[in-house]
Trainee: 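Pasting a structure here, questions to come.
Owing to the predicted nature of the structure, the values given are computational and were not obtained by experimental measurement. Every heavy atom of this structure was used, including side-chain atoms; hydrogens, water molecules and symmetry mates were not. By convention in this document, chain letters (A, B, ...) are assigned in the order of the sequence lines, proteins followed by strands, and residues within each chain are numbered from 1.
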Amino acid sequence: GQNIDQPTEMTATEGAIVQINCTYQTSGFNGLFWYQQHAGEAPTFLSYNVLDGLEEKGRFSSFLSRSKGYSYLLLKELQMKDSASYLCAVRRFGANNLFFGTGTRLTVIP
Amino acid sequence: DTAVSQTPKYLVTQMGNDKSIKCEQNLGHDTMYWYKQDSKKFLKIMFSYNNKELIINETVPNRFSPKSPDKAHLNLHINSLELGDSAVYFCASSPRTSGEQTQYFGPGTRLLVL
């Protein structure tokens with residue numbers, strides 16, 4: 001099986017930087033994904049890491065350490081619209097489906 | 001030009017009924033999925049289909065049966081609905097090519113069983 005842990009909730013201030021951590025335990029690791037989900041909407045893809053290191057996409061960056069089973073999503077210059085749940089998901093070899101963590105609900109305050 | 005679409009968006013029904021949820025993708029993807037998101041917002045894989053073949057069937061009750069008439073469609077049929085089936089059901093699709101294989105999700109179907 002797989003075990004994926006994220007903090008349940010976080011709060012941050014508009015304009016600030018926030019880091020959302022994700023730890024995982026799985027066999028046959030084949031990639032880690034971050035998705036954003038606004039209340040009542042579908043998850044939307046943010047980032048993908050399969051090798052160690054940092055992937056940057058505008059205000060969002062994602063980091064992976066396979067040896068530590070650890071990833072984080074970094075959000076810079078927070079905006080009110082970034083208030084959402086952020087879902088960490090892993091993929092295993094031999095299967096295309098994703099195994100999701102419980103998600104981190106981020107609230108951005110003025 | 002919706003990429004992944006689902007119908008209906010809302011479904012309210014009585015316990016014991018049989019219902020279907022439809023999903024269509026126009027992305028040309030090879031693999032489609034059904035996920036269930038419960039009241040605690042935990043998103044869990046139910047099924048995936050690759051070229052009309054079921055390749056994963058997680059431990060879901062056999063009251064749930066996925067049906068894929070063609071590569072662009074994956075419908076979910078549920079027999080004898082139970083209260084615990086109330087959840088949001090998301091369809092998704094991804095390409096089969098190697099690499100990222102990002103999954104794209106539909107808008108979800110909110111099922112409420114009374």
Trainee: Taking ring-ring contact (aromatic ring centres under 6.0 Å, His included) as the test, write out the residues that go with B:Y33, two or more places apart.
Mentor: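 ring-ring contact (aromatic ring centres under 6.0 Å, His included) check on B:Y33 returns nothing, list empty.
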
Trainee: More than 12 heavy atoms of other residues, nucleotides or ligands under 6.0 Å from CD of A:Q19: yes or no?
Mentor: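 Yes.
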
Trainee: Identify each donor-acceptor pair in which a side-chain atom of residues 84-93 of chain B lies under 3.5 Å from a protein atom, sequence neighbours left out, and give them as a table.
Mentor:
from  : atom 1 : to     : atom 2 : distance (Å)
B:D85 : OD1    : B:R63  : NH2    : 2.9
B:D85 : OD2    : B:R63  : NH1    : 2.8
B:D85 : OD2    : B:R63  : NH2    : 3.2
B:D85 : OD2    : B:E82  : N      : 2.8
B:S86 : OG     : B:L83  : O      : 3.1
B:S86 : OG     : B:V113 : N      : 2.8
B:Y89 : OH     : B:D85  : O      : 2.6
B:S93 : OG     : B:H29  : ND1    : 2.8

Trainee: Can you tell me how far CD of B:Q37 sits from CZ of A:F100, rounded to the nearest 0.5 angstrom?
Mentor: 9.0 Å

Trainee: Mind checking the CG-CZ spacing from B:L43 to A:F99? Nearest 0.5 Å is all I need.
Mentor: 12.0 Å

Trainee: Indicate, with yes or no, if A:L74 and A:L64 share a hydrophobic cluster defined by side-chain heavy-atom contacts under 4.5 Å among Ile, Leu, Val, Met, Phe, Trp and Tyr.
Mentor: no

Trainee: Same cluster for B:M46 and B:L54 if Ile/Leu/Val/Met/Phe/Trp/Tyr side chains link at under 4.5 Å?
Mentor: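 Yes, it is one cluster - the side chains of B:M46 and B:L54 are joined through contacts under 4.5 Å.
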
Trainee: Just verifying a value: how many Å separate B:Y104 OH and A:F45 CZ, rounded to the nearest 0.5 Å?
Mentor: 7.0 Å

Trainee: The criterion is ring-ring contact (aromatic ring centres under 6.0 Å, His included); which residues satisfy it with B:F47, sequence neighbours excluded?
Mentor: none

Trainee: Determine the minimum heavy-atom distance between A:A42 and B:F105, stating which atoms define it.
Mentor: CB-CB, 4.0 Å

Trainee: Is it the side chain or the backbone of A:L87 that comes within 4.5 Å of chain B heavy atoms, both, or neither?
Mentor: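 Interface part for A:L87: side chain.
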
Trainee: Under 4.5 Å between side-chain heavy atoms, hopping through other hydrophobics if needed: is there a path connecting B:Y10 to B:L111?
Mentor: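 No: no chain of side-chain contacts under 4.5 Å links B:Y10 to B:L111.
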
Trainee: State the CG-OG distance between A:L98 and B:S94, to the nearest 0.5 angstrom.
Mentor: 8.0 Å

Trainee: Within residues 102-110 of chain A, which residues come under 4.5 Å of chain B, heavy atom to heavy atom?
Mentor: A:T102

Trainee: Kindly work out whether a path of hydrophobic side-chain contacts (I/L/V/M/F/W/Y, heavy atoms less than 4.5 Å apart) joins A:L46 to A:I17.
Mentor: no

Trainee: Do A:Y72 and A:F60 sit in one hydrophobic cluster, given that two such residues count as connected whenever their side-chain heavy atoms are within less than 4.5 Å of each other, even indirectly?
Mentor: no

Trainee: Starting at CG of A:N97, measure out to CG of B:N50 and round the result to the nearest 0.5 Å.
Mentor: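 Rounded to the nearest 0.5 Å, the CG-CG separation comes to 11.5 Å.
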
